[in-house]
Trainee: 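Got a structure for you, written out below as structure tokens; questions coming shortly.
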Amino acid sequence: MEKEEVISIFLQVTIIAFILIIAFIVLIIFIRFKRNTDIRQKETMQSDFATQLLQSQIEVQEQTFQQIGKELHDNVGQLLSTSRMLIGLAERSLDNPPDTLLIANVTLGQAITELRSLSKSLDKEWLEQFNFNENLQTEIERINASEKVKASYHQEQEILLKPDEQTILFRIVQEAIQNAIKHANPTHIGITTEKEENKLHIRITDDGTGFEINAKGNGLGLNNMKHRTTLLGGTIVWEAVPEKGTTVVINLPFKEDSR
Amino acid sequence: MLKLYSMAEWLAFLCSSLLFAKGVKKEYRIFFFYTLVVVLVEYFGNWMASNLKTPNHLLFTFACFFFSCFYFFSIRHFLVSQKRRKVIMLFFLVFVLIYIVNLTYFQRFIEFNSYSFIVGYTFLAISCTFFYMEFINREAITPLWGEPNFFIVTGYFIYSVLTAILYTIHRYFAYLKIPDLNYRSIFQQINNIANVSLYILLSIAFIILWKKRKS
């Protein structure tokens with residue numbers, strides 16, 4: 001074997017080896033890059049699917065609320081109105097109607113008013129006719145009318161949101177109020193809204209018994225609120241101290257609707 | 001004047017000092033001591049050859065053994081799979097055994113113990129592919145520029161494959177005993193490519209670690 005031939009073999013083997021090494025490393029990088037793209041796509045698809053699922057769940061809930069609202073208004077409401085009319089006729093047919101009958105008439109009147117108000121608060125189409133502040137104010141009036149708890153609403157500015165967003169937000173606040181009334185037995189519920197340039201902060205505070213955030217049985221309602229907030233692109237936090245009340249803080253990205 | 005591979009060694013040494021910045025994972029600080037030993041060995045090797053006019057193969061036989069052990073343990077540390085870690089440990093033990101046998105019975109202290117390193121670097125290249133398997137199969141998004149271990153292992157991989165091939169060809173031609181053949185220069189050049197690739201990739205890894213530090 002010649003000297004030049006040996007050197008040439010040396011060089012050839014090294015060059016081929018070096019090219020193969022580089023090709024191997026490039027292949028590894030390429031596979032990793034492709035895998036990153038696949039994972040990213042999978043994550044996007046999962047997130048889209050979760051959002052769609054959430055949206056359809058909320059749509060189904062809204063349809064159910066609407067149906068219940070209509071049933072209450074058209075069916076139960078009509079029955080109550082008829083009963084009230086009959087009591088009124090009975091009242092008029094008697095010269096000296098008993099107090100119980102008069103009280104029953106008044107109570108039925110209150111029940112009809114509350115039922116109408118409740119059925120309206122369940123109807124998405126009705127809610128969309130008003131802005132968030134107006135709907136919340138009506139809800140506060142409805143709660144105060146029951147005289148079980150005193151609710152107040154403090155707003156700094158009017159909040160104009162898109163119809164869908166406003167209904168979702170209203171449902172979150174409604175759920176927080178209902179949770180407080182049902183589980184915490186408060187004497188006062190306060191709601192404040194604060195608007196910054198691109199953010200909206202809502203606080204729902206009660207002076208009830210509070211609750212254990214991680215306790216069993218809190219799941220469904222709180223999860224509903226969480227999901228709805230996620231759909232609006234915001235965050236929700238519960239600050240609950242047993243026997244000292246609960247504060248629900250909702251932070252949302254905010255873009256004023258120019259309706 | 002500094003040779004190219006010495007410059008690469010110094011660059012890696014300087015970059016490794018970044019690993020002492022606050023927020024860099026402490027386990028990587030060992031690379032500073034590794035690069036320090038690399039620079040010192042290179043300096044003493046050259047000094048022995050030029051000033052003492054004595055062969056420095058013994059120094060490199062021990063130094064390369066130390067470096068190979070360090071490479072094995074660092075790759076083992078980067079792996080997640082316990083099974084692969086055990087295989088690397090097995091590779092390491094076989095390498096140590098071969099090194100001792102070669103040093104005692106075959107190449108001894110007379111020449112550079114290339115047989116041991118042909119085996120050792122082959123095992124090291126296989127160990128690097130274990131890391132690559134974990135790297136490409138990772139379920140989380142792994143951007144290349146956020147993965148310093150990839151650059152470290154790639155440095156080991158290029159170095160070990162090139163050096164293993166180089167030593168094998170070298171031994172083969174030495175066996176043929178071709179008269180008047182002086183391929184020292186070309187041997188040096190190829191060895192330099194392996195060294196420069198290793199130290200540049202290590203430097204990149206150290207810079208990434210420094211940039212990724214927690215504030």
Side-chain angles (χ1 to χ4, degrees), chain A residues 1-55 198-199 223 226-227 229-235 237 251 253, chain B residues 121 125 128-147 150-151 153-194 196-198 201:
Chain A
M1 200 179 274
E2 290 296 318
K3 182 181 153 188
E4 285 74 24
E5 204 181 339
V6 171
I7 293 174
S8 163
I9 291 171
F10 234 113
L11 268 175
Q12 280 173 22
V13 171
T14 313
I15 290 167
I16 291 168
F18 198 71
I19 289 169
L20 285 175
I21 292 168
I22 298 298
F24 177 74
I25 293 163
V26 169
L27 182 73
I28 297 284
I29 295 171
F30 175 74
I31 294 171
R32 185 64 251 179
F33 182 75
K34 203 169 172 306
R35 198 166 176 84
N36 282 351
T37 315
D38 289 347
I39 294 170
R40 220 168 272 137
Q41 268 179 351
K42 196 176 150 192
E43 280 177 358
T44 314
M45 276 166 70
Q46 277 176 339
S47 150
D48 286 350
F49 176 72
T51 312
Q52 277 176 5
L53 192 72
L54 220 62
Q55 264 171 342
N198 294 317
K199 280 178 185 169
N223 273 342
K226 262 188 214 168
H227 288 156
T229 316
T230 310
L231 208 60
L232 294 175
T235 57
V237 182
N251 297 309
Chain B
Y121 290 147
C128 291
T129 59
F130 289 170
F131 173 84
Y132 288 136
M133 279 159 77
E134 285 195 358
F135 178 71
I136 58 177
N137 284 319
R138 218 171 280 169
E139 283 300 326
I141 293 172
T142 315
L144 199 63
W145 294 108
E147 187 57 53
F150 173 80
F151 288 92
V153 174
T154 303
Y156 294 169
F157 184 70
I158 295 174
Y159 177 79
S160 59
V161 174
L162 273 185
T163 315
I165 292 170
L166 190 66
Y167 287 171
T168 311
I169 305 173
H170 181 255
R171 288 314 312 168
Y172 176 68
F173 289 129
Y175 171 76
L176 290 179
K177 289 185 180 147
I178 299 159
D180 303 327
L181 180 60
N182 184 6
Y183 42 79
R184 191 180 172 79
S185 144
I186 197 158
F187 182 88
Q188 279 290 339
Q189 280 174 25
I190 298 164
N191 205 19
N192 284 354
I193 294 170
V196 169
S197 307
L198 170 65
L201 285 164

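Letters A, B, ... mirror the listed sequences (proteins, then strands); counts begin at 1.
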Trainee: Ignoring hydrogens and angles, tell me if any N or O in the side chain of A/S47 forms a donor-acceptor pair with the backbone of A/E43 under 3.5 Å.
Mentor: no
Trainee: Under 4.5 Å from any heavy atom of chain A, what part of B/E139 do you find: side chain, backbone, both or neither?
Mentor: both
Trainee: Just say parallel, tilted or perpendicular for the rings of B/Y167 and B/F187, cut-offs at 30° and 60°.
Mentor: parallel
Trainee: Hey, are A/R40 and A/N36 close enough side-chain-wise for a donor-acceptor pair under 3.5 Å?
Mentor: no
Trainee: Evaluate ring-ring contact (aromatic ring centres under 6.0 Å, His included) for B/W145 paired with B/F150, printing each intermediate quantity in order.
Mentor: CA-CA 9 Å; B/W145 294 108; B/F150 173 80; 9.5 Å; no
Trainee: Sort out for me which of A/I29, A/D38, A/I22 touches chain B most, counting heavy-atom pairs under 4.5 Å.
Mentor: A/I29
Trainee: As an exercise, state the distance from CZ of A/R32 to OG1 of B/T142, rounded to the nearest 0.5 Å.
Mentor: 3.5 Å
Trainee: So, do A/F24 and B/Y132 have ring centers that fall under 6.0 Å from each other?
Mentor: yes
Trainee: Apply side-chain contact (heavy atoms from CB on, under 4.5 Å) to A/T37 and list each qualifying residue two or more places apart in sequence or on a separate chain.
Mentor: A/F33
Trainee: If I measure from the heavy atoms of chain A, does B/I158 come under 4.5 Å with its side chain, its backbone, both, or neither?
Mentor: both
Trainee: Give me the atom names and distance for the closest heavy-atom approach of A/P253 to A/G233.
Mentor: CD-O, 3.3 Å
Trainee: Can you tell me which portion of B/A194 sits under 4.5 Å from chain A's heavy atoms? Options are side chain, backbone, both or neither.
Mentor: neither
Trainee: Under 4.5 Å from any heavy atom of chain A, what part of B/I136 do you find: side chain, backbone, both or neither?
Mentor: both
Trainee: For residues 11-19 of chain A, give me every residue with a non-hydrogen atom less than 4.5 Å from any non-hydrogen atom of chain B.
Mentor: A/L11, A/V13, A/T14, A/A17, A/F18
